[in-house]
2 protein chains.
Amino acid sequence: MEAGDKRQVRATITDVAARSGTSIKTVSRVFNDEPFVRPETRRRVLEAAAALDYHPNMAARSLVRGRSFLIGLFYENPSPNYVVDLQTGALDRLHDERYRLLLFPCENARAVSGRLLQLARTSGLEGIVLAPPLGDDPQTVRDLVEARMPFVRIAPTTALDASPTVGIDDGAAAREMTDHLLSLGHRRIAFVQGDPDHPSNSQRLDGFRGAMQAAGATVDERLIEQGRYTFESGLAAGRRIFADRQRPTAVFAANDDMAAGVVVAAKEAGLDVPGHVSVAGFDDSLISRVTWPQLTTIHQPTYDMAHAATDALLALIEKRPLTPAIRLQHQLLVRGSTTRTASL
Amino acid sequence: MEAGDKRQVRATITDVAARSGTSIKTVSRVFNDEPFVRPETRRRVLEAAAALDYHPNMAARSLVRGRSFLIGLFYENPSPNYVVDLQTGALDRLHDERYRLLLFPCENARAVSGRLLQLARTSGLEGIVLAPPLGDDPQTVRDLVEARMPFVRIAPTTALDASPTVGIDDGAAAREMTDHLLSLGHRRIAFVQGDPDHPSNSQRLDGFRGAMQAAGATVDERLIEQGRYTFESGLAAGRRIFADRQRPTAVFAANDDMAAGVVVAAKEAGLDVPGHVSVAGFDDSLISRVTWPQLTTIHQPTYDMAHAATDALLALIEKRPLTPAIRLQHQLLVRGSTTRTASL
DNA sequence: TTGTAAGCGTTATCAA
DNA sequence: TTGATAACGCTTACAA
């Protein structure tokens, strides 16, 4: 009866050793693909393991190796599309690795500032991926560097330290989009900013201003609206923009969620997109294909960035060589929401 | 110099005991909020811990307690909005608990069938939340039950076992939506099915048929289209529906993503929504508010379901009493995409 | 109220 | 090619 009672309990390495007539060290060797195990011995061990439904205990492994194989993804939650892309990129890189991903959705960068390291510590993380704008918080970066916690920043703007970095050239992309609108004859263009704390936002705004200036077009400051990267904030900004009698002929929003909001605001105001007003977004998130017309936007390879960031993080953790600053390609996607201005 | 070298290494309970002039057991007591520690002693311990930047080693804790405090969320990836709602619900419930959430996005239910238990084992999970349709895979459920792995199923349809369950009444909700369309005068109504493997789909279809029958309206089988719960599949279904000369006056899609696709298909076909055709969705995901017009839909409390499921799972793990089958309330949300039929 | 000693299930050392 | 045995950092009896 005593042996029978064991059934509920998870088999351990000792059980496998006993059943296979070997030692725990040999079983360990088999399960860690170490050399110098006779094929016959290996077979016996695996057989016993299968019979006992043995799985190595992660906690014990972690303890003795001094490693958790846990990495953390820290992000704010601007749009679900973006978040899922981020997660999927990281998870896909982790596939076939023994590492596991822990999620840390943060209310906002300020709330975790100074607390992030502690969170990582208590969770036993071995490394961290910081999605924007968390990678631009000086306190956080300082803490991590000081604690020698490996981390990689996605799309940061500030060069706060020597930690690896993955991103696109937001400024250049915004310039490209603005040039696109200018080439369609638009001169009176509104810009909807995202969260002022996201440095991507100021880069995009700068790109917009730069392109306008280069083309000799005036930027009407009353047409620079403040949003927060959410659909709702874009809707509100759009309503403000279209309430004015001096309407712009085009609106460039700093991300797709806001651009979708602008489109809805336009329709509320009885305006046709792109007939009366062209609307452009940024990110190429799912939402840009779901609105009607579909949004002209900048494809930002969120998935690839998360993938590359995770890849760099693993290299960092395992002390393999890596590229300190990876810059991925963006792409202008012209779709139905922008067209030649009617006033031409 | 030897003491100095220690700086890199993480402090252990022994270090804290030494520095505070106590024993490791006392330090352990302090960090586990056990009673019978003199306030003065507690202070000294905490002081030493702070000075050494001590954080308990999770692996060691897990090992000795025989617990990992890891729970897994398994889901397919129909729509990012749904996934994020799910995650947020689970994470919010876990907030302030020592449990951590591990993500397991699955390609499809069949791919993990038979492999899910092993995944859970090697990850050291203590419990599992199964999002639809994973909770309806007999093999998976059988494996988990047999292995005595605690799990909770979200929105399952099949009563495969006695594991706790959280969901809404999909059939009743679909009936309500159909009644809504009928009450607007629609009789020729198309239905876009979701993934045939999701049991929620058949329940919604049954609800649709039931309501139509009860109202004495005929269901034209050629208007029952097959989709896969994705935006693209809804778009394709919509194109097929509107290509026919005998157009319906309303389309009821089994989820919002597909309904959004139908709306785009309608616009492609030069049809006004809801002027020429009413479109209804299901789920109240973000996308339903992003299309224009906004979608009439069924609010499915995804967040609440994940929250409740996680809550039940913790109860299960900790052997606390729990409600075996939680049924949450849905809600019909009438928005701009449905209106009285013109033919009336 | 505090401390000693014995594990928890692995991997690493080193001898066989 | 294998196996005793000692860690790893913590919690849990059990004493004191």
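Chain A is the first sequence line, chain B the second, and so forth, proteins listed ahead of strands; every chain is numbered from 1.
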Subject >> Distance in angstrom units between Ile13(B) CD1 and dT4(C) P, rounded >> reply: 13 Å
Taking N or O atoms only and anything under 3.5 Å, show me the protein contacts with nucleotides 13-16 of chain C, one pair per line.
none

Original post:
What nucleic acid atoms does Tyr54(B) come within less than 4.0 Å of, heavy atoms only: base, sugar-phosphate, or nothing?
Top reply: sugar-phosphate
**OP:** Taking Asn57(A) for its side chain and Ala59(A) for its backbone only, find out whether a donor-acceptor pair lies under 3.5 Å.
**Re:** yes
Subject >> Atom pair CE (Met58(B)) and CG (Leu70(A)), whose distance is rounded to the nearest 0.5 Å >> reply: 8.0 Å
Original post:
By a strict heavy-atom criterion of less than 4.0 Å, which residues belonging to residues 39-52 of chain B are in contact with DNA chain D?
Top reply: none
**OP:** Mark yes or no for whether Ser123(A), through its side chain, and Ala120(A), through its backbone, hold a donor-acceptor pair below 3.5 Å.
**Re:** no
Original post:
Could you state the CZ-C1' distance from Arg98(A) to dT10(C), rounded to the nearest angstrom?
Top reply: 12 Å
Subject >> Euclidean distance, Arg100(B) CZ relative to Ser68(B) OG, rounded to 0.5 Å >> reply: 11.0 Å
Original post:
In Å and rounded to the nearest 0.5 Å, what is the CD1 to CZ distance from Ile24(A) to Phe31(A)?
Top reply: 13.5 Å
**OP:** Let me know the distance between CE of Met58(A) and P of dC8(D), rounded to the nearest Å.
**Re:** 21 Å
Original post:
What's the CZ-P distance between Arg61(A) and dC8(C), to the nearest Å?
Top reply: 19 Å
**OP:** Using five pairs at either end of the helix from dT1(C)-dA16(D) to dA16(C)-dT1(D), determine the angle between the two local helix axes and round it to 10 degrees.
**Re:** 30°
Original post:
Just how far is it from atom CD1 of Ile154(A) to atom CZ of Phe74(A), taken to the nearest 0.5 Å?
Top reply: 13.0 Å
Subject >> Nearest-neighbour nucleotide for the Ile24(A) side chain, dT4(C), dC10(D), dT11(C) considered >> reply: dT11(C)
Original post:
Just wondering, are more than 12 heavy atoms of other shown residues or ligands nearer than 6.0 Å to CD in Glu40(A)?
Top reply: yes
**OP:** Measure from CZ on Phe69(A) to P on dT10(C) and round the result to the nearest Å.
**Re:** 15 Å
Original post:
How close or far is atom C1' of dG9(C) from atom CG of Asp15(A), stated in whole angstroms?
Top reply: 10 Å
**OP:** Output the distance between atom CD1 (Ile71(B)) and atom CG (Leu102(B)), rounded to the nearest 0.5 Å.
**Re:** 9.5 Å
**OP:** Could you tell me the separation between the CG atom of Leu116(A) and the CZ atom of Phe151(A), rounded to the nearest 0.5 Å?
**Re:** 10.0 Å
Subject >> Leu63(B), nearest nucleotide to its side chain (from dT11(D), dT11(C), dC8(C)) >> reply: dC8(C)
Original post:
Phe31(B) CZ to dC10(D) P: how many Å, rounded?
Top reply: 9 Å
Subject >> 5'-most by nearest nucleotide on DNA chain C - Val64(B) or Thr26(B) >> reply: Thr26(B)
Original post:
So which one's nearest nucleotide on DNA chain C is more toward 5', Thr22(B) or Ala60(B)?
Top reply: Thr22(B)
**OP:** Please report, rounded to the nearest Å, how far the C1' atom of dC10(D) is from the CG atom of Asn57(A).
**Re:** 14 Å
**OP:** Mark yes or no for whether Asp15(B), through its side chain, and Thr12(B), through its backbone, hold a donor-acceptor pair below 3.5 Å.
**Re:** yes
Original post:
What's the closest nucleotide to the Ser23(B) side chain, out of dT12(D), dG3(C), dT2(C)?
Top reply: dG3(C)
Original post:
Between dT12(D) and Arg65(B), is there an OP1 or OP2 to side-chain N/O distance shorter than 4.0 Å?
Top reply: no
Original post:
Hey, does the side chain of Glu76(A) reach the backbone of Cys106(A) with a donor-acceptor pair shorter than 3.5 angstrom?
Top reply: no
Original post:
Between Arg44(B) and Glu47(B), does at least one N-O distance fall below 4.0 Å, as a salt bridge requires?
Top reply: no
**OP:** May I ask you to say what Pro56(B) touches in the nucleic acid, namely base, sugar-phosphate or nothing, with a heavy-atom cut-off under 4.0 Å?
**Re:** sugar-phosphate
